[in-house]
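Counting starts at 1 for both ligands and their atoms, following the listed order.
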Amino acid sequence: MLQDKLKNHNIILASQSPRRQELLRGLDIEFVIETRLVNEVYNDQLQGTQITDFLSTLKAKAFTDLAENDFLITSDTIVWLDDRALEKPKTKDEARKMLRQLSGRKHKVHTSVCFTTIDDQKVINDTTEVTFGELNDEEIDYYIDKYQPFDRAGGYGIQDWLGFAKVTSINGCYYNVMGLPLPKVYGFLREMII
Ligand SMILES: Cc1cn([C@H]2C[C@H](O)[C@@H](COP(=O)(O)OP(=O)(O)OP(=O)(O)O)O2)c(=O)[nH]c1=O
């Protein structure tokens, strides 16, 4: 089993996201959490998964002191709509604007995961299509005030009220929307860890 092979490795999840921590725990893998400050800036020529590939790799760059058996996992998620990335909203107005844009439409959620060891680095990504029903202003304000989605890409969490009430369909991995494409991560670890 993967769990036995992983005993020789020190898995580090470099993420402050409570969702990512909870999701990785779901794979029954032992890991430690270590976060470092990263300035998440990218070239605006990048599109879709190019952005998340770049940012997940950038998050790994802060770890210049990996030990022999360290296995670092960094990740990034964006909402992609009308050829633009919706990241985490900084203000209530920004969140409101994002949710109005997402209302009644289909968008993509891209997540990349970067795996780094002392002498190797690989990036995988996954894309899920999410369709929202119509959101009115009362619902949008209720959601923002109660759930404060400022730490969630696109200003929403599929795992909370808005997801329950308004996501009418998804095409692809649910966990990818929450921040980690778990079956892909598990498959990758099984292949890579010997
Ligand atoms: C779309 C969506 C995003 N999210 C979250 C997952 C990520 O935490 C966040 C996207 O921001 P990220 O910049 O990918 O991650 P982060 O800053 O939260 O954490 P870290 O860089 O330390 O790993 O949005 C949800 O929880 N549910 C959703 O439905």
**Student:** Which of the atoms of ligand 1 are close to I158, meaning less than 4.0 Å from one of its heavy atoms?
**Tutor:** 27 (N), 28 (C), 29 (O)
**Student:** For atom 9 (C) of ligand 1, which of T77, D151, L180 has the closest heavy atom?
**Tutor:** D151
**Student:** Without hydrogens or angle criteria, can the side chains of S112 and D76 be said to hold a donor-acceptor pair below 3.5 Å?
**Tutor:** no
**Student:** For atom 24 (O) of ligand 1, what is the nearest protein heavy atom, given as residue, atom name and distance?
**Tutor:** A153 N, 3.0 Å
**Student:** Give the numbers and elements of all ligand 1 atoms closer than 4.0 Å to a heavy atom of S15.
**Tutor:** 19 (O), 20 (P), 22 (O), 23 (O)
**Student:** Kindly confirm or rule out an N or O of S17 lying under 3.5 angstrom from an N or O of ligand 1.
**Tutor:** yes
**Student:** Considering only non-hydrogen protein atoms, determine which one is nearest to atom 27 (N) of ligand 1 and report residue, atom name and distance to 0.1 Å.
**Tutor:** Q159 OE1, 3.0 Å
**Student:** Listed by chain and number, what are the side chain to side chain donor-acceptor pair (under 3.5 Å) partners of D119, not counting sequence neighbours?
**Tutor:** T117
**Student:** Within ligand 1, which atoms have a heavy atom of K59 less than 4.0 Å away?
**Tutor:** 12 (P), 13 (O), 14 (O), 15 (O), 20 (P), 21 (O)
**Student:** Between Q21 (side chain) and S15 (backbone), is there a donor-acceptor pair under 3.5 Å?
**Tutor:** yes
**Student:** Heavy-atom count around E40 CD within 6.0 Å, excluding the residue itself: above 12?
**Tutor:** yes
**Student:** For ligand 1, is there an N or O atom under 3.5 Å from any N or O atom of V79?
**Tutor:** no
**Student:** Nearest protein heavy-atom contact for atom 16 (P) of ligand 1: which residue, which atom, what distance?
**Tutor:** K88 NZ, 3.6 Å
**Student:** Considering both backbone and side-chain atoms of V109, is one of its nitrogen or oxygen atoms within less than 3.5 Å of a nitrogen or oxygen in ligand 1?
**Tutor:** no
**Student:** Just wondering, more than 12 heavy atoms not from R100 lying within 6.0 Å of its CZ?
**Tutor:** yes
**Student:** Between D160 and R19, is there a side-chain N and carboxylate O pair less than 4.0 Å apart?
**Tutor:** no
**Student:** Could you list the residues that satisfy salt bridge (Lys or Arg N to Asp or Glu O under 4.0 Å) with D145, not counting sequence neighbours?
**Tutor:** K92
**Student:** Hydrophobic clustering (ILVMFWY, side-chain heavy atoms < 4.5 Å, transitive) - are V109 and I158 grouped together?
**Tutor:** yes
**Student:** So which heavy atom in the protein is nearest atom 2 (C) of ligand 1, and how far is it from that ligand atom?
**Tutor:** V177 O, 3.1 Å
**Student:** Just to confirm my output: which protein heavy-atom neighbour is closest to atom 4 (N) of ligand 1, and how far is it?
**Tutor:** R152 CG, 3.7 Å
**Student:** Of all the non-hydrogen atoms in the protein, which one sits nearest to atom 15 (O) of ligand 1, and at what distance?
**Tutor:** R20 NH1, 3.0 Å
**Student:** How far is atom 6 (C) of ligand 1 from its nearest protein heavy atom, and which residue and atom name does that atom have?
**Tutor:** M178 O, 3.3 Å
**Student:** For the side chain to side chain contact (heavy atoms under 4.5 Å, CB included) test, which of D126, L182, N125, I73 pairs with V113?
**Tutor:** I73
**Student:** Say you draw a straight line from CZ of F63 to CG of D65; how long is it, rounded to the nearest 0.5 Å?
**Tutor:** 8.0 Å
**Student:** Relative to the heavy atoms of Q16, which atoms of ligand 1 are at a distance of less than 4.0 Å?
**Tutor:** 17 (O), 19 (O), 20 (P), 22 (O)
